[in-house]
Enquirer: 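Quick one: the structure is below, questions incoming.
Remember, it's a predicted structure, so these values are computed and weren't measured experimentally.
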Amino acid sequence: MKLFHISDLHIGKILHEVNLLEEQKIVLAQVLALVDLHMPDGILIAGDIYDKAVPSAEAVKVFDTFLSELADRGISVFLISGNHDSSERIHFASRILQKENIFIKGIFDGKLEPVELNKDGQKVSVYLLPYIKPFDVRPYYPEEEIDSYDRAVRTVLSHVDINPEAVNVLVAHQFITGAVSSESETVMVGGLDNIGADAFDLFDYVALGHLHRAQKVKRETIRYCGTLFPYSFDKNESEKSVTMLTIEQGKEIVVDTLAIHPRHGLCTVSGSLQEVLGGEGCEEYVKVVLTDGEDQVDVVPRLRVKYPNLLTVEFEGRMRATLEGIKNAEQIADRSPMELFAEFFEERSGEKLAEEDRTLVEQMMRELLEGGES
């Protein structure tokens, strides 16, 4: 049995005021071409279907066409919402779509029940876990202490009735500890949204969305497939692919990546204005970093002659001016919000934070965490 794994389509995304919808149509067409070539039994779509909670009509039409093409080919679809999606909008018509073998879980309803796939004596159980926060889970497990993303996911998974005779696949959209993020993602300071990889030990394959770089975490079968199109100039986002898992007899899972080739990639060109204008030029989406040191007048029209798909221009002098701030940000990235607040309080007041005040601040942070967006 074969399954495709994709995620983070971000349909309708605008990058530096450029609508990427046409680029997204091209990579989705390549996915369909790979479906025709490899004939998978199903496709796992691990969240962030759209770039905004209220997508444009054009973005919805693009995804509707993609789903219809998959349905016409008889491919089972397993789809969850991500943190960029409106869970209610993604969940709409999910019961009706099951008749077309399109299985959607946009809203967490306290249950995690499998969808069964059977072929030539192989049995695969697919569990769909949409993006969840602690407050999504707490009402269903009032006896549990759910004070973090990690605890929320572990609580849900601890109530799953795993069939040891089947290959158990989980589709989820969360940040797993140890994974590498990219510039185009929003990551919580202090790792508030981190989930330990061992939370998924019961599953044979974990199809993850949320991070934009294709990668494994802890083992080969806990994987982010990455985006189909690069959404930042981060070098971690350069190579794009569809992840294909082949389930052999005896529950062995073989993982392959099938290359996707966007029409226009993203690249960075740096140097003095004279050096950049004297370069070869390219058709990619370009970020130009000028090293002359000072802002220069009317550089964009001159650069567009050489780089027609120029997206943005940066000046190295400005970048140096913010370097100290970046270093400070790197220093706090691995520290908890409570540690940062306690240090800030001591620096400002000259006194250590009292224990009763610490308890109050921790409670306020939990309330903010539950109501905020990642």
Side-chain angles (χ1 to χ4, degrees), residues 6-28 30-31 46-53 55 59 82-85 131 173-176 178-189 191 193-194 208-217 223-243 257 259-271 276 282-291 300 303 307-316 318-320 322-323 325-327 329-330 333 373-374:
I6 64 175
S7 76
D8 295 86
L9 308 181
H10 289 280
I11 298 174
K13 185 174 181 65
I14 295 174
L15 184 64
H16 293 287
E17 300 183 5
V18 172
N19 192 319
L20 297 175
L21 207 54
E22 291 303 316
E23 306 292 344
Q24 292 168 331
K25 290 179 184 178
I26 290 170
V27 294
L28 289 174
Q30 291 185 37
V31 174
D48 278 0
I49 309 306
Y50 302 109
D51 193 56
K52 297 183 181 301
N83 60 301
H84 277 250
D85 298 312
Y131 178 73
H173 190 96
Q174 305 287 161
F175 186 92
I176 310 305
V180 178
S181 59
S182 305
E183 292 176 357
S184 56
E185 302 140 10
T186 302
V187 179
M188 287 191 177
V189 174
D193 53 349
N194 280 17
L208 293 167
H210 194 35
L211 299 189
H212 293 179
R213 175 190 180 185
Q215 59 190 293
K216 66 177 182 179
V217 187
R223 301 190 73 89
Y224 289 98
C225 58
T227 58
L228 298 174
F229 185 89
Y231 293 124
S232 80
F233 292 94
D234 191 324
K235 63 181 179 180
N236 286 335
E237 285 199 53
S238 58
E239 296 181 0
K240 295 303 169 186
S241 62
V242 170
T243 299
T257 54
I260 291 289
H261 303 285
R263 178 179 60 174
H264 297 121
L266 273 66
C267 72
T268 301
V269 178
S270 62
V276 171
C282 70
E283 297 295 320
E284 307 281 36
Y285 290 114
V286 173
K287 174 175 74 173
V288 170
V289 179
L290 294 177
T291 60
V300 172
L303 289 168
Y307 305 99
N309 290 313
L310 176 70
L311 290 187
T312 184
V313 179
E314 294 180 357
F315 297 90
E316 196 174 59
R318 292 181 188 172
M319 296 167 67
R320 288 199 191 100
T322 59
L323 183 60
I326 293 172
K327 288 181 179 178
E330 290 173 346
E373 288 293 331
S374 70

Enquirer: Grab the two heavy atoms, one from Pro262 and one from Leu228, that are nearest each other, plus how far apart they are.
Expert: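 Heavy-atom minimum between the residues: CG-O, 3.9 Å.
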
Enquirer: If the condition is side-chain contact (heavy atoms from CB on, under 4.5 Å), which residues does Thr312 pass it with, not counting sequence neighbours?
Expert: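 side-chain contact (heavy atoms from CB on, under 4.5 Å) list for Thr312, sorted by chain: His16, Phe233, Lys287.
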
Enquirer: May I ask you to decide if Asn309's main-chain N or O and Glu283's side chain share a donor-acceptor pair within less than 3.5 Å?
Expert: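 Side chain of Glu283 to backbone of Asn309: no pair is present.
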
Enquirer: Examine distances only and state if a side-chain atom of His173 and a backbone atom of Ala46 form a donor-acceptor pair shorter than 3.5 Å.
Expert: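 Here the side-chain-to-backbone pair exists.
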
Enquirer: Flag the pair Asp48 / Asn83 as yes when at least one side-chain heavy-atom distance between them is below 4.5 Å, and no otherwise.
Expert: yes

Enquirer: Applying side-chain contact (heavy atoms from CB on, under 4.5 Å), name anything that partners Ile14, two or more places apart in sequence or on another chain.
Expert: Asn19

Enquirer: In the structure I gave you, are the side-chain heavy atoms of His210 and Asp193 within less than 4.5 Å of one another anywhere?
Expert: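 They are in contact (side-chain heavy atoms under 4.5 Å apart), so the answer is yes.
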
Enquirer: Using a 3.5 Å distance criterion without hydrogens, assess whether the side chain of Gln215 forms a donor-acceptor pair with backbone atoms of Arg213.
Expert: yes

Enquirer: Side chains of Val180 and Leu211: does their closest heavy-atom pair fall under 4.5 Å?
Expert: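 Not touching, per the 4.5 Å side-chain cut-off.
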
Enquirer: The criterion is side-chain contact (heavy atoms from CB on, under 4.5 Å); which residues satisfy it with Lys52, sequence neighbours excluded?
Expert: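 Here no residue qualifies.
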
Enquirer: Less than 4.5 Å apart, any side-chain heavy atom of Val286 and any of Leu303?
Expert: no

Enquirer: Check whether any side-chain heavy atom of Phe229 sits under 4.5 Å from a side-chain heavy atom of Leu266, and report yes or no.
Expert: yes

Enquirer: If I compare all heavy atoms of Val269 with all of Tyr307, which pair ends up nearest, and what's the gap?
Expert: CG1-OH, 3.7 Å

Enquirer: CD of Gln30 to CD1 of Ile260: how many Å apart, nearest 0.5 Å?
Expert: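 Taking CD in Gln30 and CD1 in Ile260, the distance rounds to 5.0 Å.
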
Enquirer: Check for a donor-acceptor pair, side chain of His264 on one end and backbone N or O of Tyr285 on the other, with a separation under 3.5 Å.
Expert: no

Enquirer: Identify the two heavy atoms, one from Cys225 and one from Ala214, that lie closest to each other, and give their separation to 0.1 Å.
Expert: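 What the structure gives for the nearest pair is O-CB, 3.3 Å.
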
Enquirer: Going by heavy atoms in the side chains, are Tyr50 and His10 under 4.5 Å from each other?
Expert: no

Enquirer: The criterion is salt bridge (charged side-chain N to carboxylate O under 4.0 Å, His left out); which residues satisfy it with Glu23, sequence neighbours excluded?
Expert: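 Salt bridge (charged side-chain N to carboxylate O under 4.0 Å, His left out) list for Glu23, sorted by chain: Arg263.
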
Enquirer: With sequence neighbours left out, what residues match Thr227 under side-chain contact (heavy atoms from CB on, under 4.5 Å)?
Expert: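 Counting only residues at least two positions away or on another chain, Thr227 forms a side-chain contact (heavy atoms from CB on, under 4.5 Å) with Asp8, His212, Tyr231, Glu237, Lys240.
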
Enquirer: For Tyr224, enumerate each residue passing the ring pair (Phe, Tyr, Trp, His ring centres under 6.0 Å) test, keeping only those at least two apart in sequence or located in another chain.
Expert: none

Enquirer: For Ser7 and Leu208, work out which heavy atoms get closest and say how close.
Expert: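 Nearest heavy atoms, Ser7 then Leu208: OG-O, 3.9 Å.
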
